[in-house]
Structure formats: C-alpha cells, structure tokens
Amino acid sequence: MPTTTAVINLDLPGPTISRHVYGHFAEHLGRCIYGGFWVGEDSDVPNERGLRSDVVAALRELAIPNLRWPGGCFADDYHWRDGIGPREQRPRMVNSHWGDVVEDNAFGTHEFMDLCELLGADAYVSANIGSGSVREMSDWIEYLTRADDAPMAAERRANGRDEPWKVPFWGLGNEAWGCGGNLRVEQFASLARQYATYTRDHGDNRVYRIAAGANADDYAWTETLMRSFDDLAADEAPAGPFQAVSLHYYTMTGPWSDKGDATSFSADEWYVALARAARMEDLLQRHGTVMDRYDPLRKVGLVVDEWGTWWNVEPGTNPGFLYQQNTLRDALVATTHFDAFHRHAGRVVMANIAQTVNVLQAVLLTDPDSGALVRTPTFHVFEMNRGHHDAASLDVHLRDVGSREVDGRELPLVSASASVRDDEALVSLSNLDADRARTLVLDLRGRRVVGFAARVLTAPALNAHNTPDEPAAVAPAAHDGVREHERGLEVDLPPHSYVTLTLTLA
C-alpha cells in the first residue's frame, strides 16, 4: 500500500478561511425555488410561511453563511418590483433562460429575505445590470435597507415589513460577458463603477459590492476590472467603488454540448472530472497573480460565486431545469475545490456552489412524487467541513502523493487542507485514487495532539448516490483507521474516499 506524508505546523496559522466560502446559490431555475425552497402556505408539504420546513432545517445543519439570489442568468431579466406586494396581484414573467416557462413571481424580495432569516444566512442579492437601470437597482437597496420615512422604506412598510433588513453582499450583474448582456469588458467595467456608485449604504447597512467577473481562464477580464479601481496602493483607502470581483468555473468531462453523465461514467471519466476540478487551484493562482499586480495589499476580494459539476440533465426531465443526480464523484469534486479555497484564503473571500436544491451540484434533492428530501454526498462534505468556518488556515506539505496523467497534466491523487481555531484543528484528506487505498502519515509539529476523532465518506461504487429509497447510500461514518505514530498520526485512506480528522490540541 503506498504511503503519503503530510507535514503540518500546527503553531503557524495563516489567513482566516472565511465561512463565506461555504455559501450557496438559489436561482429561479428548474425546481430550485419552486418545489425546492418554496411550496406556498397552502401546500401539504410542511412549511413555514410557504418555505419548505425540511429544506430549511437541513441547511441549518450546514450553518450556511450566505445565499445568493435571484441568479445567475435570471437576475438580469428580473425586475424586483414584480416580486413585491400581494401575490395575487404580481405580474407574471417569462423565464427565457431556463425552460422558457412562465412564473407568477410568488417568491420575491420579502420571501427571499424571510428565507435568509430562517436560515440564519446573510443575503447576497444579484442586481440586474443586463436589462435593468441604475435607478431600479438604487431603489431596490433603499427598499431593503433604509429605516426612515424615505419613499422606498415607506413602500416596504406598506407591503408588511416595518424594519429594514441587513443585506451585506450585492452583486453588480452576472456573467456580463454572456447572458448578462454580452458586453465587452471595457463596457462592463464602466457600468460596474456607475452601478456601484448608486449601491448606497443606508443607515448602518454596509454593502460589499461584487462586480461580475471572469469566465474560467479569462484573465484579461480580471485585469481590466482591476485597472478600473480607485487607488489601491494607499494604505488608508478602502477598495472602491466596488470591493470584489467574481469568478465562475464549472467541472464537466465533455464539451458544452455533451457534458458527461451524472451517474454512468467510467473510471477514466472519474479521473477527468477530478483533474478538471483541480484546475480551480490554477485559476485561483493565476487570477490572484493578476489581482496582486494591481492590489498588493489585497483589499479586493475574489468571489467564486458559481462553481460545481455540470452534467447532462437526467433523462426524462426538462432540459432547461438542469436537474442531475449527485454521486460520490461530485463529493470529491467539492473537497478538491474547498482545499483550493482554503489554500487561497488570503484572496478568496466567498464562494457559492451551484446550486442549493434540485439544480446542478445540489446539496439537497426534493422528490416531487414522494415529497422526500434527500441529502446528497455533496451535502455531507459541507457538513464535515463546518470546523473550517472562520478558522485559520494551515499549510499542508505533501510528499509522495502519487499522480495520474489526465488531459496531459498530472493529477495528484491526494488532496488535503487544514485549519486551526483555539485548541482544535480540522484536517481534510481526499484519496482521489479510484482503486487503491493509501496510508497517510500526518507529521504534526508545533503543538501536542491530546485527542482525535475521524470520519470517512465513501461507498463501494464510484457512482454511488442517495435516493428516497436509499437516502444513506453515501453518508459519513466514524473512521477507525487512525493510529498514533511517532510523528503524529497514521491514517488509512480507503480508495475514493474523504476523511476528516478533528484534533484536540494542548
């Protein structure tokens, strides 16, 4: 059995891993909102004010830090006034991006903010730049966050909400290079500055403004946005007029026209998916290098507000609804991403998996026939990683990880990251080898380990997944394959597995 060594200096904490890298995304797409979050007050499905109770309870298990809404591509067709006031009086609209369906705007601003309050999550609102106006957006944030007798605040009160909400995060457009307007980056950079100027702080609500950023490896987009900032070299001046740029990247095994199957895949496709997920490390490094050139003090955040697997839709489902199953492979794609986010904690301030319920790499699936709620393998990765929220990152130095050539590049077969908070550390270890177990020696330095507990997420088959009939086919279990070692600990990593170790430190 091959042996890998991981050296961790427990007494040398690095940048804090923001809990916001464990953010989520809810777009008006397929059954994410309707049938996922929202069932309506009259539904037989247990709900609180129309919001599905079991979905809210499951997401509270993850302590989700933020929720991005209403899109995605939908955001740049969305006009917020259509989603306020009595529901029976709200105008209908065509969701031209996702299934060409007509929706009644039953889920709008008040319903979303109610959802965030039930979840204990911060709101991340994406504003419409593609087909909206500066005034429309300015009015929206006033409606949401102003407390006095201003016109928008008065209108909010008339619609049943007296106190303003907190909205910490504001998206300036979405995919402006594509569905958000097909803009040139120079056009968008000017618009981002303009819209950011009118995204005002009202009262004590301080907004973190996020400009729509690059698609994958479009480093020129990032560079142009970085050039558009005000003086970033002055120590005392905050970044402005916006504070972050975004990045989108999806994992698939085929071309856009045939992305690969969610559950029927070969061992070769297993490795292709993980190799392409591992590209996130390169993207963060290279976009970060561009940002460092203009922002050496790292005032500007990088927000990966769309990431995850994108497979061909499940047979028999609406192709515009993007419903796909979620297997053990998706879980290890997620662990690979989180390891990269942890390593780049000094620049990556937020990330949002696409999407929360019933769409793409969802953490939850709701069955329309039985009404059952299914926690996916990806859900369990989020739960197992809760200890990384707002903890200090730790460098993990790996030796003898083994590798496999995929797409002309070497894929390391072990991925790892770690963090520490007070007297507890969390170590995350992924064995990406489809067939071979590994032994990993944790060479732990700087602090004494006085206790440990381990969990493992794996299954017999690479394509194992959870269903209403088998909801725990892929679920975490206690892992007894950990032993004391002269250097620290020795850990058994089963093939295609994810292991977390919680260390108690003296």
Side-chain angles (χ1 to χ4, degrees), residues 24-37 55 58-59 68 71-74 95 97-101 179 248-266 268-277 280 305-337 351-370 372-382 457 459 461-471 473-475 496:
H24 292 260
F25 177 26
E27 185 168 4
H28 288 242
L29 197 175
R31 293 190 301 109
C32 184
I33 298 296
Y34 300 106
F37 283 111
V55 168
L59 294 176
R68 179 177 182 241
C73 292
F74 182 84
N95 190 336
H97 290 289
W98 306 121
D100 199 35
V101 296
C179 63
H248 289 182
Y249 177 68
Y250 287 95
T251 297
M252 54 194 76
T253 56
W256 187 255
S257 59
D258 185 13
K259 302 174 184 67
D261 194 272
T263 57
S264 297
F265 53 84
S266 66
D268 284 344
E269 289 173 301
W270 163 275
Y271 288 113
V272 169
L274 293 169
R276 293 183 180 176
M280 179 55 74
D305 56 14
E306 289 188 31
W307 68 269
T309 56
W310 193 327
W311 309 122
N312 297 334
V313 300
E314 293 295 310
T317 65
N318 186 321
F321 283 9
L322 305 188
Y323 176 82
Q324 63 186 41
Q325 250 300 348
N326 190 294
T327 70
L328 180 63
R329 179 178 65 168
D330 297 274
L332 289 176
V333 166
T335 67
T336 301
H337 277 74
N352 303 77
I353 193 169
Q355 293 187 11
T356 316
V357 192
N358 293 329
V359 172
L360 297 177
Q361 193 176 347
V363 297
L364 298 172
L365 302 176
T366 63
D367 184 61
D369 297 322
S370 66
L373 178 72
V374 174
R375 290 162 174 79
T376 69
T378 300
F379 175 96
H380 296 304
V381 171
F382 275 79
L457 184 71
L462 300 179
N463 66 343
H465 55 278
N466 299 330
T467 66
D469 295 330
E470 293 186 86
V474 186
H496 53 266

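All figures in this text were calculated on a predicted structure; none of them were measured in a lab.
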Are the side chain of [X] and the backbone N or O of [Y] linked by a donor-acceptor pair below 3.5 Å?
X	Y	answer
His97	Asn95	no
Glu470	Thr467	no
Glu314	Gln325	yes
Glu27	Gln355	no
Thr251	Thr309	no
His496	Ala459	yes
Asn312	Lys259	yes

Which value, rounded to the nearest 0.5 Å, describes the distance between [X] atom [atom1] and [Y] atom [atom2]?
X	Y	atom1	atom2	answer
Arg276	Tyr271	CZ	OH	16.0 Å
Leu59	Phe382	CG	CZ	10.0 Å
Thr376	Gln324	OG1	CD	10.0 Å
Asn326	Asn463	CG	CG	12.0 Å
Thr263	Arg329	OG1	CZ	9.0 Å
Leu274	Glu269	CG	CD	12.0 Å

Determine the minimum heavy-atom distance between [X] and [Y], stating which atoms define it.
X	Y	result
His24	Thr356	CB-OG1, 3.3 Å
Ala354	Phe25	CB-CD2, 3.8 Å
Gln361	Gly308	OE1-CA, 3.2 Å
Ala464	Pro377	O-CG, 4.4 Å
Val374	Pro468	CG2-N, 3.6 Å
Ala331	Val381	O-CG2, 3.6 Å

So [Y] and [X], do their side chains get closer than 4.5 Å, heavy atoms only?
X	Y	result
Leu322	Val313	yes
Phe37	Val55	yes
His380	Asn466	yes
Trp307	Asn352	no
Val359	Trp98	no

- Message: Could you check whether Trp311 and Asp330, counting side-chain N and O atoms only, form a donor-acceptor pair closer than 3.5 Å?
- Response: yes
Original post:
Does a side chain donor of either Thr366 or Arg31 reach within less than 3.5 Å of an acceptor in the other side chain?
Top reply: yes
Residues at least two apart in sequence or cross-chain that pass ring-ring contact (aromatic ring centres under 6.0 Å, His included) with Phe321, listed by chain then number, are none
side-chain contact (heavy atoms from CB on, under 4.5 Å) filter on Ala362, not counting sequence neighbours, yields Leu365
Would you please test Leu360 and Tyr323 for side chain to side chain contact (heavy atoms under 4.5 Å, CB included) and show each step? CA-CA 6 Å; Leu360 297 177; Tyr323 176 82; over 6 Å; no
Worksheet entry | side chain to side chain contact (heavy atoms under 4.5 Å, CB included) assessment of Phe265 paired with Leu462 | CA-CA 9 Å; Phe265 53 84; Leu462 300 179; 4.0 Å; yes
